[in-house]
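Right, one structure below, let's go through it.
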Amino acid sequence: MGFIIIDKIKNNNKKIMIFVEGTILKPKHNNIISRICVNSYVPIDNATEKLKLWQEQGFEILYLTSLKGRKAMTMAQHLDELGFVGSMVGYRERNQDYATLIKEELPDILIEDNCKSIGGEKNMCYNLLNDDLKKEIKHIVVEEFKGIDNVSLY
């Protein structure tokens with residue numbers, strides 16, 4: 001599976017899996033170069049602080065990225081440089097979809113943006129899951145590029 005470990009300390013508490021691009025990071029500038037250059041992405045509002053707070057409350061933080069291979073590794077490094085906390089970054093390998101990554105880790109909560117710029121809800125990770133998994137995972141949707149500052153987990 002495509003996972004990059006970013007912190008070897010894992011707990012047995014609840015897991016939050018959060019999509020990176022569009023949910024907690026956005027391009028610094030609205031141009032094509034900023035969108036394809038991983039290091040041009042910046043945190044959306046207070047995302048780093050919010051995730052640190054959730055980790056302090058005992059949640060394990062897992063990330064999902066749309067990037068693959070070396071770019072996924074670059075994203076994991078970039079998240080670390082920006083001060084994001086968490087245990088791993090999941091990415092799709094060839095012929096793999098997000099549902100496979102989600103099933104592998106079985107988060108309690110999945111947070112993602114509404115995918116407005118790429119066609120909307122039909123492209124959200126949650127919609128790839130079967131009905132049984134949907135019953136077990138709390139799904140939180142935020143508006144694309146608006147961040148998680150106002151998200152409540154309960």
Side-chain angles (χ1 to χ4, degrees), residues 1-28 34-35 37-93 96-117 121 123-129 132-154:
M1 292 294 126
F3 287 99
I4 301 163
I5 305 299
I6 55 177
D7 185 346
K8 293 180 181 172
I9 299 171
K10 293 176 80 171
N11 61 43
N12 294 323
N13 294 329
K14 292 192 172 198
K15 295 178 185 180
I16 298 172
M17 185 173 271
I18 188 161
F19 204 87
V20 174
E21 299 89 357
T23 307
I24 59 170
L25 291 183
K26 65 181 179 181
K28 188 173 186 174
S34 286
R35 289 187 198 142
C37 180
V38 172
N39 291 323
S40 73
Y41 277 73
V42 296
I44 300 173
D45 300 328
N46 298 303
T48 54
E49 292 83 8
K50 186 82 167 197
L51 289 165
K52 284 177 187 173
L53 175 67
W54 289 340
Q55 186 179 56
E56 289 168 6
Q57 293 172 350
F59 288 94
E60 182 178 345
I61 309 297
L62 314 169
Y63 299 99
L64 276 178
T65 181
S66 63
L67 304 174
K68 297 179 182 178
R70 287 187 200 188
K71 286 190 176 192
M73 178 60 80
T74 302
M75 178 57 79
Q77 292 167 342
H78 190 57
L79 287 167
D80 183 54
E81 291 164 359
L82 292 172
F84 282 93
V85 295
S87 59
M88 65 178 62
V89 176
Y91 64 95
R92 295 170 295 151
E93 294 179 329
Q96 188 178 48
D97 64 18
Y98 294 115
T100 306
L101 298 170
I102 296 166
K103 289 177 200 173
E104 180 82 13
E105 284 300 317
L106 289 176
D108 298 282
I109 301 169
L110 174 64
I111 303 173
E112 62 183 320
D113 65 86
N114 62 6
C115 298
K116 185 177 179 181
S117 68
E121 281 187 33
N123 293 305
M124 291 173 24
C125 301
Y126 186 77
N127 293 329
L128 299 172
L129 302 176
D132 289 337
L133 276 177
K134 287 180 179 180
K135 290 176 189 172
E136 294 189 30
I137 299 173
K138 180 176 181 175
H139 187 224
I140 298 174
V141 180
V142 298
E143 191 173 338
E144 188 176 51
F145 303 122
K146 297 296 182 183
I148 59 171
D149 284 5
N150 297 317
V151 170
S152 174
L153 300 178
Y154 305 102

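Numbers here are sequence positions counted from 1.
- Considering CE of Met75 and NZ of Lys68, their distance stands at 14.5 Å, rounded to 0.5 Å.
- Of the possible donor and acceptor atoms, none in the side chain of Lys26 sits under 3.5 Å from a partner among the backbone N and O of Ile44.
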Run the ring pair (Phe, Tyr, Trp, His ring centres under 6.0 Å) test on Tyr98 and Phe19 for me, step by step, so that the C-alpha distance in whole Å, both residues' side-chain angles and the decisive distance to 0.1 Å come before the verdict.
CA-CA 10 Å; Tyr98 294 115; Phe19 204 87; 5.4 Å; yes
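- Here Lys50 contributes atom NZ and Gln55 contributes atom CD; the two are 15.0 Å apart, rounded to the nearest 0.5 Å.
- Electrostatic pairing of Lys15 and Glu105 counts as a salt bridge here, judged by a charged N lying under 4.0 Å from a carboxylate O.
- To the nearest 0.5 Å, the span separating CE on Met88 from CG on Leu64 amounts to 11.0 Å.
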CA sep, side-chain torsions, deciding dist, call: Asp113, Glu143, side-chain contact (heavy atoms from CB on, under 4.5 Å):
CA-CA 5 Å; Asp113 65 86; Glu143 191 173 338; over 6 Å; no
Do His78 and Leu82 pass the side-chain contact (heavy atoms from CB on, under 4.5 Å) test, and can you show the C-alpha distance, the side-chain angles, and the key distance before you say yes or no?
CA-CA 6 Å; His78 190 57; Leu82 292 172; 3.4 Å; yes
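- Put simply, the side chain of Asp45 never gets that close to the backbone of Gly147: no donor and acceptor are under 3.5 Å apart.
- Between Tyr154 and Phe59, the angle of the ring planes lies from 30° to 60°, which puts this pair in the tilted group.
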Working for side-chain contact (heavy atoms from CB on, under 4.5 Å), residues Ile18 and Leu62:
CA-CA 6 Å; Ile18 188 161; Leu62 314 169; over 6 Å; no
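- Closest non-hydrogen pair, Glu21 versus Ser66, comes out as OE1-N, 3.0 Å.
- Using a 4.5 Å heavy-atom cutoff, the side chains of Phe84 and Pro43 are in contact.
- Side-chain contact between Thr74 and Leu67 is absent, with no heavy-atom pair separated by less than 4.5 Å.
- Taking CE of Met17 as the reference point, atom NE2 of His139 lies at 12.0 Å (rounded to 0.5 Å).
- Counting only distance, with no hydrogens or angles, the side chain of Asn13 and the backbone of Gly58 share a donor-acceptor pair below 3.5 Å.
- Proximity of Pro107 to Ile16: side-chain heavy atoms (C-beta onward) are nowhere separated by under 4.5 Å.
- Using a 4.5 Å heavy-atom threshold, the side chains of Asn150 and Val142 count as separate.
- In this structure, the side chains of Lys134 and Tyr126 come closer than 4.5 Å at one or more pairs of heavy atoms.
- Rounding to the nearest 0.5 Å places CD1 of Ile24 at 9.0 Å from OG1 of Thr48.
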Show your working on side-chain contact (heavy atoms from CB on, under 4.5 Å) between Glu121 and Cys115 and close with a plain yes or no.
CA-CA 6 Å; Glu121 281 187 33; Cys115 298; over 6 Å; no
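- Results of the side chain to side chain contact (heavy atoms under 4.5 Å, CB included) test with Leu110 over Ile140, Leu133, Ile137 single out Ile137 as the only residue that passes.
- Under the 3.5 Å distance criterion, the side-chain polar atoms of Asp97 are matched with a main-chain donor or acceptor of Thr100.
- Side chain of Glu56 to main chain of Leu53: no donor-acceptor pair is present (N/O by atom type, distance under 3.5 Å, no hydrogens or angles).
- Under the 4.5 Å side-chain criterion, counting only non-hydrogen atoms from C-beta, Ile111 is in contact with Ile148.
- Sparse packing is recorded around NZ of Lys146, with 12 or fewer heavy atoms of other residues, nucleotides or ligands lying under 6.0 Å away.
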What verdict does the side chain to side chain donor-acceptor pair (under 3.5 Å) test give for Ser87 and Glu60, after you've listed the backbone C-alpha separation in whole Å, the side-chain angles of each residue and the deciding distance to 0.1 Å?
CA-CA 7 Å; Ser87 59; Glu60 182 178 345; 2.7 Å; yes
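- Formation of a donor-acceptor pair under 3.5 Å by the Glu112 side chain with backbone atoms of Met124 is not found in this model.
- By the 4.5 Å heavy-atom criterion applied to side chains, Leu25 and Val42 are not counted as neighbours.
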